[in-house]
Each structure stands twice: as C-alpha cells, then as structure tokens.
Amino acid sequence: MSSLVYALVGKTGHGKSSTANSLSASEHFLAHDSLESVTSSVSSFEYTTVTGQTLLCLDLPGAVDPKLTLPELAAISPSGLDALACIIRKGRLTDEAMASISQMEMLFGQEVWAHAVIVFTHCICDLDKLMSDLAKLGEDHVLNKVIKKSNNRVAKIDNLTRDAEKLKTDVDYIHQLLSQVSTETRKKYEIELAFPRAQEARLDAQIEAAWRQKDAELEDLRSRFLQRHVSHEDFEKKAQELNEYLELLKQLRRDRELEQAQKSCEGWERVKQFLR
Ligand SMILES: Nc1nc2c(ncn2[C@@H]2O[C@H](COP(=O)(O)OP(=O)(O)O)[C@@H](O)[C@H]2O)c(=O)[nH]1
Ligand SMILES: [Mg+2]
C-alpha cells in the first residue's frame with residue numbers, strides 16, 4: 001500500500017517520464033526517444049525510497065483526453081491523488097510553461113494547484129537562480145500566479161545530469177514537496193471531481209460538430225439556390241429550418257456556458273454511467 005500517490009502532468013516532451021524515472025531511480029517509464037513513447041495511457045510504478053517511504057508514481061501521456069485519462073486514473077487510484085507534479089521544461093519560461101499549465105487546468109480544473117508541485121526540468125542552474133528568474137517575470141505573470149496558488153512549492157531537476165549527488169538533492173527535494181502537499185492541503189485530490197469536465201468536453205464536442213454540419217448544409221443550400229438548382233420557395237423553407245436549428249445550438253451553447261459557470265460537482269455514479 002503506497003503512502004503517497006502522485007501523478008506527473010505536462011506537455012509532451014517536457015520531461016514527465018524522465019522525471020518519473022529519476023524519482024523512482026528506475027527506467028520503468030519510457031522517455032520520449034523510445035519508439036513506444038507514443039502511448040495514450042497512464043503508466044504507473046510503485047517504488048520505495050531509501051527512507052522506506054512507498055510511493056505510487058503515475059506518468060500521464062502527453063496527449064491526454066479527459067474522457068479516457070480521468071477514468072483511467074480513477075481506476076488506478078480510486079481514493080484520489082495525494083499530489084500532482086506539473087512538469088515544465090525550463091526554456092523560454094512563458095511559452096513552455098503555458099502548455100503544461102493549461103494541460104493541468106484542462107484536466108483537473110483550477111482547484112488543482114492546491115495539490116500541485118511545480119517542477120522545472122532541463123534546469124542546470126540552482127533553485128535560487130530559478131526563483132530569481134521567476135521573480136523577474138513579475139507577480140502578475142500567470143506562472144507566478146499558479147506558483148502562489150501552489151503555496152510556492154517549486155522544484156527543479158536536470159534529468160540528464162551526470163552529477164549523482166546533485167540529482168539526489170533534487171529528487172529528495174521533489175519528494176519532500178510532494179509529501180508537503182498532503183500536510184498542507186490535508187486532503188486528496190478526488191479525481192471524480194474532474195469527471196464532469198470530461199462529460200462537458202464530450203457534450204461541447206457534440207454541439208460543435210452539429211453546428212459545423214448544419215452550417216455547411218446552409219452554405220450548400222445557398223450556393224445551390226444561387227445556381228438556380230433550388231426554387232425560391234424551397235430555399236426559404238429549408239433555410240428557415242436550418243437557421244432555427246442553428247439558433248437552437250447557439251442557445252444550447254449559451255446555456256452550457258452559464259451552467260458551467262454555476263456548476264458544482266455532480267454525483268460520481270451518474271458521471272460514471274455517462275462515460276460507460
Ligand atoms: N537535458 C535534459 N533533457 C531532458 C530532461 N528531461 C527530459 N529530457 C529529455 O527530453 C526528452 C523528452 O523527455 P520525456 O521524459 O520523454 O518527456 P515526456 O514526453 O514529458 O514524458 C527526452 O529526450 C529526454 O531525454 C532534463 O531535465 N534535461
Ligand atoms: Mg512520457
């Protein structure tokens with residue numbers, strides 16, 4: 001039984017699997033260069049640290065689909081996640097960070113930061129230098145805002161370093177911050193809380209697909225009318241039908257936006273049924 005379950009989240013190529021390997025002192029996770037890395041499922045691995053702590057590490061694929069990834073995570077760890085590591089490749093800080101930040105929020109919602117540790121990979125400088133680089137971005141910068149929401153839990157790692165001592169220091173510090181999440185937050189991130197997001201993503205996609213189809217039909221009708229393949233009477237009748245349908249979809253979209261703004265979590269069973 002793991003004392004701590006955590007997931008690594010972030011854009012493909014930012015170093016999730018490499019970090020998972022560094023943390024677990026293993027080669028269990030397939031890093032980007034390997035052929036099999038084009039995977040769409042969650043990889044998990046349980047390991048025990050030298051201090052005797054047993055952790056379950058969940059490495060998320062880069063191309064996440066909420067409808068698949070969230071139920072998969074919930075099946076692996078039904079009691080939820082103790083912590084989430086947001087993996088950001090340290091490069092041009094702004095661009096690189098945005099991709100991983102939106103990945104986190106798209107999957108888990110804005111409330112996820114209370115459970116997060118922000119880990120910068122490809123980082124050859126020390127933590128003080130990283131923090132001063134971040135400070136230069138200003139406190140209104142989106143990156144600094146999520147760092148603040150994560151209670152300043154920021155770490156760094158260079159997964160390719162040959163300096164074993166340095167790697168150990170970074171790994172220990174990341175483990176320390178991951179453990180710190182549960183003491184600071186005092187509850188797990190319940191994966192089912194994110195389930196309505198998967199349901200919404202599916203509904204939104206259906207509405208958008210219907211919209212595109214009807215819009216194309218209307219366009220086609222117009223062009224056939226201009227080429228005199230359709231009578232004026234038929235054109236008027238069909239165009240009205242299509243416009244009414246499009247208006248209905250527009251209303252549906254508006255309702256959903258409103259609903260999403262007001263919505264709190266719905267029942268776990270109901271959502272599970274929907275996703276089945
Ligand atoms: N220099 C350097 N390269 C890294 C680091 N972390 C990962 N990489 C490389 O970046 C590439 C993508 O890493 P991977 O762990 O597969 O990323 P993922 O797609 O987020 O799982 C691989 O070629 C890794 O060797 C790091 O900290 N420093
Ligand atoms: Mg990977």
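Atoms within each ligand, like the ligands themselves, are counted from 1 in listed order. Below, all heavy atoms of this structure are taken into account, side chains as well, without hydrogens, waters or symmetry copies.
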J.: Can an N or O of S17 be found at a distance shorter than 3.5 Å from an N or O of ligand 1?
T.: yes

J.: Should F225 and L221 be marked as a side chain to side chain contact (heavy atoms under 4.5 Å, CB included) after you check the CA-CA gap, both sets of side-chain angles, and the distance that decides it?
T.: CA-CA 6 Å; F225 173 61; L221 181 68; 5.6 Å; no

J.: Does G13 reach ligand 1 with a nitrogen or oxygen that is under 3.5 Å from one of the ligand's nitrogen or oxygen atoms?
T.: yes

J.: At less than 4.0 angstrom from any non-hydrogen atom of T12, what atoms of ligand 1 do you find?
T.: 19 (O)

J.: Restricting to N/O/S atoms, is S17 within less than 2.8 Å of the Mg ion (ligand 2) or not?
T.: yes

J.: Any idea which part of I157 is under 4.0 Å from ligand 1, heavy-atom wise: side chain, backbone, both or neither?
T.: backbone

J.: Should you measure from each heavy atom of H14, which atoms of ligand 1 turn up under 4.0 Å away?
T.: 17 (O), 20 (O)

J.: Of all the atoms in ligand 1, which lie at a distance below 4.0 Å from a heavy atom belonging to A31?
T.: 16 (O)

J.: Is a side-chain donor-acceptor pair under 3.5 Å present for N159 with T19?
T.: yes

J.: Check each atom of ligand 1 against the heavy atoms of K16 and keep those under 4.0 Å away; list them by number with element.
T.: 15 (O), 17 (O), 18 (P), 19 (O), 20 (O), 21 (O)

J.: Has K156 got its NZ or CZ under 6.0 Å from the middle of the six-membered ring of F120, at an angle within 45 degrees of the ring axis?
T.: no

J.: Going from CD on E190 to CG on L193, what distance comes out if it is rounded to the nearest 0.5 angstrom?
T.: 5.0 Å

J.: Which of the numbered atoms in ligand 1 are under 4.0 angstrom from any heavy atom belonging to D158?
T.: 1 (N), 2 (C), 26 (C), 27 (O), 28 (N)

J.: If I take atom CD from residue E72 and atom OG from residue S41, how far apart are they, to the nearest 0.5 angstrom?
T.: 5.0 Å

J.: State plainly whether the residues K250 and E247 are in salt-bridge range, i.e. N to O under 4.0 Å.
T.: yes

J.: With a 4.5 Å cut-off on side-chain heavy atoms, are R222 and F235 touching?
T.: yes

J.: Near K11, which atoms of ligand 1 are under 4.0 Å from a heavy atom of that residue?
T.: 20 (O)

J.: Taking ring-ring contact (aromatic ring centres under 6.0 Å, His included) as the criterion, tell me which of F108, Y189, Y6 meets it with H115.
T.: Y189

J.: Quick check: S18 and ligand 1, any N/O pair under 3.5 Å apart?
T.: yes

J.: Are any of the N/O atoms in C123 less than 3.5 Å from those in ligand 1?
T.: no

